[in-house]
S.K.: 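Pasting a structure here, questions to come.
Keep in mind that the numbers below use all heavy atoms, side chains included, and drop hydrogens, waters and symmetry copies.
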Amino acid sequence: MTGFVVTVALFAVILGGLPLLARHVRRTGVGGGLLGPLEEVWGYPDAHRARFEIEAQVERRAPAPSPGDSPDAGNGSAT
């Protein structure tokens with residue numbers, strides 16, 4: 001009886017922790033490196049390509065201003 005209760009309690013803790021883990025992975029983007037190859041192999045090539053595109057967008061940098069540009073040229077204000 002004690003083993004059954006421990007098993008059920010352990011199962012409940014694991015199921016309760018999965019949403020927290022999922023939220024953490026989504027927020028920090030930790031799971032991309034692990035899930036990318038699995039998505040590609042098991043029939044989700046679009047998700048795999050989208051992940052690479054998102055990573056490429058994150059790694060892009062804003063263009064540096066030209067030497068002749070004014071300091072406030074890139075702030076988006078219309079003058």
S.K.: Excluding sequence neighbours, so at least two apart, what forms side chain to side chain donor-acceptor pair (under 3.5 Å) with Glu59?
M.R.: none

S.K.: How long is the span from the CG atom in Leu21 to the CD1 atom in Ile14, to the nearest 0.5 Å?
M.R.: 11.5 Å

S.K.: Spell out, yes or no, whether Leu18 and Phe11 are grouped together once hydrophobic residues are joined by side-chain heavy atoms under 4.5 Å, including indirect joins.
M.R.: yes

S.K.: Please list, chain by chain and in numerical order, all residues satisfying salt bridge (Lys or Arg N to Asp or Glu O under 4.0 Å) with Arg23, sequence neighbours excluded.
M.R.: none

